[in-house]
Structures are given as C-alpha cells and as structure tokens.
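Order of the sequence lines fixes the chain letters, A, B, ..., with proteins taken first and strands second; residue numbering starts at 1 for each chain.
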Amino acid sequence: MLGEHICLLNPGRGGNAGVEEEWVDERNASQRLGVAPEYVTDYLALIGDSSDNVPGARGIGPKTAIGLIEQFGHVEDILARAGEVTNKRARESLQSGEAEIRLSKELVTIIADMPIELDIEALRVHEPDREQLTKAFLELEFGSLVREYATPLPPTATAPAAAAPVSATYQALDQADALAEVIASARAQGWFALRTVGSTTSPISGELLGLALAVAPGRAWYLPLAHRRPGVLDLDGVQVRNLPPLTGPELQELRSLLEDAAVGKVGHDLKADLLRLRRAGVQLKGLDFDVMLGSYVVDPGGREHGLDALALQHLNQRTTTVEELCGKGRDAVPLAECAVDRVTACAAMHADMALQLRAHFLEELQQYELVKLFREIELPLVEVLAEMEWTGIAIDEPFFAAAGARLARDLQLIQEEIWKVAGERFNIGSTPQLRYILFEKLGLPALRKTKTGPSTDATVLEELAAQGHELPRLLMEWRQIDKLKGTYVDALPLLIDRRTRRIHTSFNQTVAATGRLSSSDPNLQNIPIRTAQGAEIRRGFVPRPGWLFLGADYSQIELRILAHFSGDEAFVTAFRSGHDIHRQTAAVIWGVEVADVTPRMRADAKTVNFATIYGQGPFALAQQLGIPQAEARAFIDQYFERFPGVRKYLDSQVEMARGCGYVETISGRRRYIPEINSRNYSIRQFGERAATNAPVQGSAADIIKLAMIRIHERLMAEQREARLLLQVHDELLFEVPPAELADLQSLVTELMVHAFPLAVPLEVTVGTGSSWYECK
DNA sequence: TCACTATGCTCG
DNA sequence: GTACGAGCATAGTGAA
C-alpha cells in the first residue's frame with residue numbers, strides 16, 4: 001500500500017509537525033524507525049503526531065508504538081485488544097477513540113499512495129488546517145484504516161495529562177538550618193540547579209526577588225528575599241520582608257556556594273540568573289549546564305527552547321508558567337506582589353525541571369556529538385554575553401532629542417507635499433490607504449502584488465519614480481525618515497536604564513537557526529548604516545567620557561568560509577593573494593586582468609558573490625543588478641564555470657541535507673532541514689538554499705563566538721578596563737580607555753584572525769573613534 | 001483592550 | 001515563485 005516515500009517527523013526527537021518533516025523511502029523508513037518493513041504502515045498510523053507542540057496532539061510516542069506493534073502485531077489487533085494495553089496513557093487514548101490514528105502528514109502520505117481518487121496536492125500543505133483535513137478525509141471513501149479511526153480533533157490545544165508535581169516537595173526556605181542542609185547537599189554532589197526570580201522580565205532592570213535551588217529530582221526549595229507579600233505562607237516575617245539581598249550572615253554560605261566555580265550550576269537561561277544575581281552583588285561562577293542551550297544545540301531550528309515547553313516535551317510535566325502566576329497584559333501583577341507560596345511553587349518547580357532536563361540533554365548532546373560545541377562555545381559564551389549586556393552602551397540623549405525634532409519637522413514638510421500631490425489628506429503609513437491613492441486615484445500601474453493587494457514597497461516605488469512619477473519619490477523619503485524616527489531616534493532614548501543611564505540590549509543565544517546571535521529590546525544589530533542619513537544615528541552612540549570605541553570587523557568572512565569549505569582553487573588563490581576579493585572575482589569571471597576590472601564589474605561581482613552565498617537565482621539577481629534575466633543567468637553560469645569547486649561544494653551540502661537530514665558548520669553545529677525532501681517545489685527549493693547557506697553563515701557565527709570568548713578571557717585575566725559592548729554578526733564593538741587602545745587593537749585583531757584556522761587567511765579591519773559612526 | 005496578521009524596512 | 005538569517009513599527013481586524 002505504501003509508495004516509495006514516507007514522511008517522517010524526526011521520530012524520537014520530539015518534533016513540530018509544521019516544520020520537521022522528512023521524506024524517506026520505505027526501506028529507509030524501516031531503518032530509521034527501527035520497525036520491520038511490514039510494520040511501517042502500522043507504526044506510522046499508530047503514532048500519528050505525538051508531538052506536544054501540535055494542537056490537539058496527545059501522544060502515543062514512537063517507543064510505545066513500537067512496543068505495541070511488537071506485542072500485538074498489526075494496528076487492527078492493537079485496537080481490538082486495547083484493553084490489554086498496559087501503558088495507561090496509551091490504553092486510555094486508544095479506548096477513548098481519540099487514539100493516535102489521526103490526521104498527520106504520515107497519513108496524508110499513506111493516503112496519497114492508496115488506489116483512490118483524491119486531490120492530494122490540495123491536501124499536502126505544510127501547516128495543515130486540521131479541521132479542514134479531517135472533513136476532507138471523512139467525506140472521502142478510502143481505505144477502512146483511516147476512515148474507521150480518524151476522528152475530528154478538538155479545536156484547542158490539549159497538553160498531555162501531566163502528573164502535576166506535588167506542591168509539598170517544593171518548599172520555602174524559612175530556616176537557616178534548612179538552608180544549610182541544602183547547601184551541604186549541593187556541595188556534596190558537586191552541582192545543583194538554580195532558578196532566580198526577578199522583579200521584571202529584564203534581568204538587568206529588575207531586582208532579585210528570590211532564588212530556587214534543586215539538588216535531586218522532585219524536590220526543590222525557594223528562598224524568598226525581597227517579596228512584599230508573604231502570602232499564605234507564614235515565614236515569621238524573617239526572610240520575607242524586604243531583606244537586603246543575600247547579606248544576612250546565614251546567607252554567606254549560600255553566596256560562597258554560588259561564587260564557588262568548583263560547584264557546577266545548572267539552570268535554564270543561566271545568563272538571566274547570572275545577571276539577576278549580579279544585581280544582588282553575587283558573582284555566579286561554575287556554569288555547568290544550561291538546558292535552554294542544550295535544547296538549542298541539539299536542534300537550533302524550529303523548536304521551542306522555553307523551560308515550560310521543554311518540560312512538557314521531554315519530561316511530560318505541565319509546569320506553572322509565570323503568566324499563570326501573575327496574569328498578563330494590563331492585569332499582570334508584579335512578581336514581587338505575588339503570594340510567596342505561589343512563587344515558591346513556580347520557581348522551585350522550574351529549578352527542578354532544569355535539573356531533570358539536564359540528564360536528558362546531556363544524553364542527546366553525547367548522542368549527536370555536540371558536547372564540544374556546547375562546552376567550548378555556547379556555554380562559555382554565556383558569561384561573555386552577560387558581561388556585554390551588563391555593561392550596556394551609552395547614547396547621547398541631547399543628540400537624539402535634536403535629531404528627533406529635526407526629523408519631525410522634515411516629516412511634516414514631506415507629508416504636506418505628499419498630501420498636495422495626492423490631492424487629499426490620508427494616513428501615509430497605511431498601506432491600504434496608500435494603495436487607493438497610488439493605484440486607484442492616481443492610476444499608477446500596479447507592478448507587483450501582495451496577498452492583499454498591490455505592493456507599495458520600496459522596490460515598487462523606486463520603479464514608479466523611475467517612470468517619472470513624483471509621489472513615489474516623496475513616499476520613499478517619508479518612509480525612510482519615518483523609520484529612522486520611529487524605530488531608532490524616538491525609541492532608543494526610552495530604553496535608557498534609569499539606574500545605569502545606558503542601554504542594555506538582550507543578546508539571544510537560542511533564536512537563530514544558523515547559530516547566529518540575535519539582539520532585542522532594543523535590537524542593536526540593525527542600527528542604520530547603508531544610507532548617509534541613517535548612518536548619522538551612529539553618531540549618537542558614544543563611549544563613556546574620555547574613552548574611545550574600537551570597532552573590529554571580519555572582512556568577507558562568509559566568502560572566506562565558502563572558499564575554505566569548497567577548496568575551490570581559484571577562489572582559495574584569490575584570497576591567499578590578499579587582494580580585493582570582489583575585484584579578483586570579477587577578473588576571474590570575465591577573464592580579464594585584475595587591473596582592467598572596472599568599478600561596475602567589481603560591483604557586479606560582489607553582488608554575484610553574495611548571490612552565491614544565499615542561493616540566489618537568475619530572477620532575483622537580474623532584479624538586483626537591473627539586467628535581463630538571461631544575462632543574470634549567464635553571470636551565474638559563468639561564475640560556477642570558473643569556480644567549479646564552489647558548485648561542487650554547494651551540491652554536496654544539498655546532498656548531505658537529503659541524506660542525513662541536516663548540514664553542519666565548521667564546529668559541528670547542526671541544522672536540520674526537513675524541507676529538503678518536501679514534495680512541494682518551492683519548499684524544497686527553500687530547503688536547498690538553507691542547506692547551502694547555513695554552514696557558511698553558521699560557521700561565521702562559530703568563529704566570531706570563539707573570538708569573543710577568547711577576547712573576554714584575556715580582558716578578564718589581564719584585568720583590563722576595556723569592555724566588549726556589541727556583536728553585529730561579523731563585527732565587534734569595544735569601549736576602551738585611551739591607555740589600553742593600542743594594545744587592545746592588536747590583541748583583538750590577533751585573537752579574531754586566529755580564532756579558527758581556515759584554508760584561507762581571515763582578515764580583520766579595525767577602526768576607532770569617539771562615536772560608533774567614526775569606527776569605520 | 002488585546003492578540004494576531006500583513007506589510008514594510010533596518011542590519012549582517 | 002523566485003535571497004539566507006534576524007527584530008520592530010504601524011495599521012487593521014476580530015474577539016473578549
């Protein structure tokens with residue numbers, strides 16, 4: 001009944017039905033699932049979607065499914081004898097009829113290969129609307145297997161029935177001797193799990209409210225330090241009422257435990273714990289395991305790394321979320337106002353979950369050979385990022401105020417002009433209103449469409465302007481200024497920390513699927529630079545008085561990585577010669593002497609170089625270069641003809657993704673690419689581009705992370721005052737006292753250049769100045 | 001009031 | 001349909 005291909009959801013790894021599909025043939029499926037070929041159908045039918053992420057999914061997991069098949073044989077027999085199933089959850093699930101014979105992509109596949117008339121293409125969607133699919137299936141006549149057991153799914157998400165942790169095992173630490181006992185066990189074991197509670201989400205702006213500790217599974221303590229409400233828990237008014245954090249004599253032992261690097265610390269998002277403790281004057285040392293990072297390293301893409309999600313997925317535990325504790329939005333109660341016993345239950349539970357998840361991810365990291373990446377890059381980076389966030393960066397407030405006023409004036413003027421040309425007043429920021437003005441009232445040609453109507457984006461306006469219309473140019477100008485004002489000039493001063501007078505971004509370590517960092521609240525990785533007017537904003541980022549900024553960029557790191565991986569002779573030679581790579585590329589592509597490369601040729605070669613990294617096709621390249629598609633195609637062909645090693649390498653990554661399901665960076669970081677075997681052309685294409693780009697982008701991320709770790713180590717070891725403030729993917733920004741500048745410049749360059757040995761040299765350019773603008 | 005989507009724009 | 005990876009602002013919509 002089965003055809004040649006089957007869709008898997010990375011069995012055994014949990015999974016997300018929307019993303020992690022993987023198409024394999026039947027023999028492969030049998031091997032991958034660890035199920036005899038004749039049982040593959042039953043297996044797939046039985047497990048359906050067991051992922052906890054899937055709305056409505058209640059799981060018979062893969063292991064249980066295999067066990068049931070081995071025990072009973074085929075799926076019909078399992079259902080007939082459901083009462084004999086010993087696993088309680090599986091039995092109830094089977095008996096209730098909502099068993100795991102459900103609509104899943106596996107079933108879509110099975111049905112696809114049944115000898116019936118069915119519009120398969122219409123059903124093969126990546127985020128199946130389950131209700132719609134259910135209806136479609138039930139209305140159609142096909143194999144009894146599906147018709148009999150498919151049932152409509154509940155509209156709302158249901159979590160697995162979790163055994164709620166007994167609250168009695170989570171206790172507040174209200175006695176000095178109890179605290180001493182916990183500390184003693186932690187020391188005896190050599191490690192423990194912790195979870196801090198802060199007054200705000202941001203660990204830097206908020207204060208430490210309390211600390212949860214766990215030493216063994218199923219039992220944890222919470223030490224309240226600065227809660228304003230004792231709640232129903234009677235703590236005899238000792239530790240609860242506004243104690244200065246960790247200053248009491250009985251807390252000195254705890255401090256030394258936290259600061260003892262020899263005692264391992266386990267947690268979820270240790271960077272936040274580190275920062276909250278630091279605000280309380282405690283230097284957390286001995287970071288040993290961060291389950292958020294563990295989850296990220298095991299599978300950086302398309303999965304949740306939040307503690308609640310991880311506990312649900314891997315421990316089958318339903319945790320109390322902070323949202324449940326405090327409410328949300330307008331009605332949210334500050335944590336400091338929440339009853340201590342409730343905070344205790346929540347925080348202690350989180351410490352307990354982190355402790356239990358450690359074992360799970362340790363095993364997975366070992367299984368996938370990711371321990372080194374975890375131990376030598378991601379975990380050490382936590383302290384570096386914490387230090388960066390802690391330090392923050394200063395902005396020149398009067399500068400921003402003046403710029404804001406100026407932009408407001410400009411905006412006003414352009415707005416008046418736009419309204420005059422349009423013949424009426426309207427909200428320029430509203431796409432629908434703008435569409436009406438441009439394409440209906442003024443009758444300009446709609447050049448491109450979005451889902452909801454004609455596009456009005458910058459490329460369209462650019463083209464319309466080129467056709468001689470006045471309004472598009474004004475609109476582009478308005479948009480640019482509006483963006484600068486709204487996203488940067490007005491927004492950044494509001495994020496200055498009241499206490500430090502600096503801006504403290506968050507560097508997120510578990511967001512980007514390639515291994516890159518991201519920055520948020522505010523995002524300091526997308527401060528304008530490409531336009532002259534935008535770049536002015538960087539004048540407002542300043543070092544502390546008397547100090548300087550030092551900026552250090554990797555030159556063309558991604559292209560160098562491409563040269564390294566591909567080993568392409570011409571490419572490697574070009575880099576080793578140490579000259580301008582885009583110029584060299586141009587010379588090779590067009591077969592001319594380097595000296596004869598025109599600026600236009602160089603610019604085009606640069607574009608083609610980037611096009612390669614991103615897997616850009618002729619269509620987009622033509623658009624970008626403003627040339628016919630056929631010409632762009634010729635460029636690309638020429639490029640790969642002259643750099644055959646590059647073509648070969650890119651193909652090899654696609655093959656790797658198809659065969660192994662993932663691709664790897666230079667330090668073994670994986671990215672799973674289930675889209676690569678999708679039957680949908682554009683999804684598959686996307687998978688192929690991701691497969692070729694991820695190793696390049698991800699390796700660059702690995703390398704700069706290593707450099708950051710080593711630089712930070714040196715700064716600390718040599719007790720320098722200079723600090724790393726920002727990372728922008730291939731660039732580091734430092735704040736330096738003048739006396740350290742010369743030294744630091746060579747130190748940073750040295751460590752960045754030699755962070756990871758490649759087949760081609762790495763180059764770093766540095767710049768200094770008294771604003772970010774000047775560091776170029 | 002809030003969550004959510006769509007659109008558009010900033011960066012490497 | 002058509003370039004990888006991110007975060008954020010505004011408008012608009014529908015439900016509580």
Upstream residue (5' side of DNA chain C) when A:P522 and A:T514 are each assigned their closest nucleotide: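 Nearest-nucleotide comparison on DNA chain C picks A:T514.
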Atom pairs and distances, side-chain donor-acceptor, residues 610-617 of chain A, under 3.5 Å, sequence neighbours left out:
residue : atom : partner : partner atom : Å
A:T612  : OG1  : A:V608  : O            : 2.8
A:Q616  : NE2  : A:Q624  : OE1          : 3.4

Sequence neighbours excluded, which residues qualify as salt bridge (charged side-chain N to carboxylate O under 4.0 Å, His left out) partners of A:D308?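 Listed in chain order: nothing, the list is empty.
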Can you check whether [X] has a side-chain N or O nearer than 4.0 Å to OP1 or OP2 of [N]?
X: A:T452; N: B:dA6; result: no
X: A:K483; N: B:dT10; result: no
X: A:R530; N: B:dG12; result: yes

Check residues 630-642 of chain A and write down every donor-acceptor pair under 3.5 Å in which the side-chain atom is one partner and the other belongs to a residue at least two apart or another chain.
residue : atom : partner : partner atom : Å
A:Q638  : NE2  : A:I589  : O            : 2.9
A:Y639  : OH   : A:N609  : OD1          : 2.8
A:R642  : NH1  : A:V588  : O            : 2.8

Using a 4.0 Å heavy-atom cut-off across all strands, classify [X] as base, sugar-phosphate, or nothing.
X: A:L517; result: nothing
X: A:L484; result: nothing
X: A:F610; result: nothing
X: A:R684; result: nothing
X: A:N526; result: base

No-H, no-angle donor-acceptor pair, A:R479 side chain to B:dG8 base, under 3.5 Å: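 Looking at the base of B:dG8, it does not pair with any donor or acceptor on the side chain of A:R479 (distance under 3.5 Å).
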Near-strand residues of residues 687-704 of chain A, defined as heavy-atom separation under 4.0 angstrom from DNA chain C: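 Contacting residues: A:R689, A:N693, A:Q697.
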If the helix axis at each end comes from five base pairs, how far does the helix from B:dT1-C:dA15 to B:dG12-C:dC4 deviate from straight, to 10°?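 End axes: 10° apart.
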Give the nucleotide from the list [options] with an atom nearest to the side chain of [X].
X: A:S520; options: B:dT10, C:dG7, C:dA3; answer: C:dG7
X: A:V728; options: C:dG7, B:dG12, B:dT7; answer: B:dG12
X: A:R538; options: C:dA6, B:dG12, B:dC9; answer: B:dG12
X: A:Q480; options: B:dG12, B:dT10, C:dA9; answer: B:dT10
X: A:Q616; options: C:dG5, C:dA3, C:dG1; answer: C:dA3

Generate the contact string for nucleotides 10-15 of chain C. Rules: B means base contact, S means sugar-phosphate contact only, - means no protein heavy atom under 4.0 Å. -SS---
